[in-house]
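Read through the structure below, which is laid out as structure tokens, and then see the notes.
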Amino acid sequence: MPFTPSEIAQTERQSIRTQIRQARRALTAEQQSTYATQAAKLMLTQPKILEAKHLALYLSNDGELDTAPLIQALWALGIKLYLPRLHPFSQGNLIFMAYTPETEMLKNSYGIAEPKLDIRGLIPSEKLDVIITPLVAFDTQGNRMGMGGGYYDRTLASHRSQDKPYPVGYAHDCQQLDSLPCEHWDVPLPLLITPTQVLKFNI
Ligand SMILES: Nc1nc2c(c(=O)[nH]1)N(C=O)[C@@H](CNc1ccc(C(=O)N[C@@H](CCC(=O)O)C(=O)O)cc1)CN2
Ligand SMILES: Nc1ncnc2c1ncn2[C@@H]1O[C@H](COP(=O)(O)OP(=O)(O)OP(=O)(O)O)[C@@H](O)[C@H]1O
């Protein structure tokens, strides 16, 4: 057999990534700004978010839905925020670090700003109430696909049977597909917010 089913699925996932990353990068600065405000407003209607004490999110990159207005609103509400940082030696894993307006930031190997390593800012992921995850594509069943590093899949896999951290997807409407080719390690999302939709899934 020239290609195994798993190789075909991988190629399909890669081509979806390329297509959707291109679509979100093509959004104008004005669209990005409007969508970021709309999505933040919808996010702030959600009890899971408003009740969170410790919440992880991400700093936008590569056309991702901009979290800047959401960050300002959550700080104003007194919710403690955290950002992912590539694990300093365990490849493919993330650690989460406190994020305040004073946090010293450095760029990681992907060019994404992350908090400078400082053990005082570390939080074990099981202490997070919510993790807002970036993603490349999602479907109508709540399946998510990321940049391909498996970082969030690994983080979420270790908490699957617990009720926290509660994962929430945050993405543009143009990142939605009818159905994604899934792998057994993909962790589906119970809640997904876009600039125009609050999607809840029974999973
Ligand atoms: N904003 C944001 N932060 C995040 C993520 C994310 O998806 N978005 N991550 C979610 O996992 C982690 C970083 N994972 C990433 C994985 C791949 C690439 C990426 O650009 N890959 C390039 C190849 C780069 C290279 O190898 O040099 C590519 O696919 O073109 C970026 C981030 C942690 N922080
Ligand atoms: N729980 C896990 N434990 C070990 N390896 C994993 C786990 N989840 C995913 N992986 C590995 O990570 C690689 C990338 O997975 P995948 O393409 O699904 O990433 P992704 O969902 O796009 O990325 P991310 O989760 O960072 O957003 C795969 O080779 C997969 O085997």
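Each residue takes its place number in the sequence, starting with 1. All values below were derived from every heavy atom in this structure, side-chain atoms included, with hydrogens, water molecules and symmetry-related copies excluded. First listed ligand is number 1; within each ligand, the first listed atom is number 1. Everything quoted here is computed from the prediction, not taken from an experiment.
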Greater than 12 external heavy atoms within 6.0 Å of E30's CD: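 Open: at most 12 neighbouring heavy atoms sit under 6.0 Å from CD of E30.
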My understanding is that we take every heavy atom of each candidate and find the minimum distance to [atom]. Doing that for [options], which one comes out nearest?
| atom | options | value |
| --- | --- | --- |
| atom 1 (N) of ligand 1 | E64, R154, M147 | E64 |
| atom 28 (C) of ligand 1 | R17, R21, R85 | R21 |
| atom 1 (N) of ligand 2 | G92, A157, C182, S158 | A157 |
| atom 21 (O) of ligand 2 | L180, V187, D153 | D153 |

Contact partition for N108 relative to ligand 1, non-hydrogen atoms under 4.0 Å: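 The answer is neither.
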Considering non-hydrogen atoms of the protein only, which is the closest contact for [atom], and what is the distance?
| atom | answer |
| --- | --- |
| atom 12 (C) of ligand 1 | Y151 CD1, 4.0 Å |
| atom 34 (N) of ligand 1 | P84 CG, 4.0 Å |
| atom 2 (C) of ligand 2 | R154 CG, 3.6 Å |
| atom 26 (O) of ligand 2 | Y151 N, 2.7 Å |
| atom 5 (C) of ligand 1 | P134 CG, 4.0 Å |
| atom 19 (O) of ligand 2 | G150 N, 3.2 Å |
| atom 20 (P) of ligand 2 | G146 N, 3.5 Å |
| atom 17 (C) of ligand 1 | Y110 CE2, 3.4 Å |
| atom 17 (O) of ligand 2 | R17 NH2, 2.9 Å |
| atom 3 (N) of ligand 1 | I112 CD1, 3.6 Å |
| atom 9 (N) of ligand 1 | Y152 CE1, 3.9 Å |

Min heavy-atom dist G149 to ligand 1 below 4.0 Å: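 Contact absent.
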side-chain contact (heavy atoms from CB on, under 4.5 Å) between F96 and T155, intermediate numbers included: CA-CA 10 Å; F96 290 88; T155 303; 3.7 Å; yes
Residues [X] and [Y] bridged, charged N to O under 4.0 Å:
| X | Y | result |
| --- | --- | --- |
| D129 | K164 | yes |
| R144 | D186 | no |
| D118 | K116 | no |

Ring geometry between Y58 and Y170 (parallel below 30°, tilted from 30 to 60°, perpendicular above 60°):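 Perpendicular, since the angle between the ring planes exceeds 60°.
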H54 and Y82 aromatic ring geometry - parallel, tilted or perpendicular at 30°/60° bounds: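 Rings of Y82 and H54: tilted, as their planes differ by 30° to 60°.
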Polar contact flag, side-chain donor to acceptor under 3.5 angstrom, [X]-[Y]:
| X | Y | result |
| --- | --- | --- |
| Q14 | R17 | yes |
| D173 | T194 | yes |
| Y35 | H172 | no |

Any N/O pair M145/ligand 2 closer than 3.5 Å: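 Min N/O separation from ligand 2 is not below 3.5 Å for M145.
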Beyond-backbone contact of L177 with I20, side-chain heavy atoms, under 4.5 angstrom: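 Yes, at least one pair of side-chain atoms sits under 4.5 Å.
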Within-4.5 Å side-chain heavy-atom neighbours: T140 and Q176: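 Of all side-chain heavy-atom pairs linking Q176 with T140, at least one is under 4.5 Å.
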For L94, the ligand 1 atoms whose distance to one of its heavy atoms is below 4.0 Å: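 The atoms of ligand 1 under 4.0 Å from a heavy atom of L94 are 33 (C).
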4.0 Å heavy-atom contact, Q10 with ligand 2: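 No, that is not the case, since the closest heavy atom of the residue is not under 4.0 Å from the ligand.
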Separation of I112 CD1 from N61 CG (nearest 0.5 Å):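 Those atoms lie 4.0 Å apart.
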Within-cutoff protein neighbour (heavy atom, under 4.0 Å) for atom 31 (C) of ligand 1: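 Answer yes: something from the protein, a heavy atom, is under 4.0 Å.
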Per-atom contacts of ligand 2 with M147, taking only distances under 4.0 Å to non-hydrogen atoms: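 Taking each heavy atom of M147 in turn, ligand 2 has 22 (O), 23 (O), 27 (O) under 4.0 Å.
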Atom indices of ligand 2 within 4.0 angstrom of Y152 heavy atoms, with elements: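 Near Y152, the atoms of ligand 2 are 24 (P), 25 (O), 26 (O).
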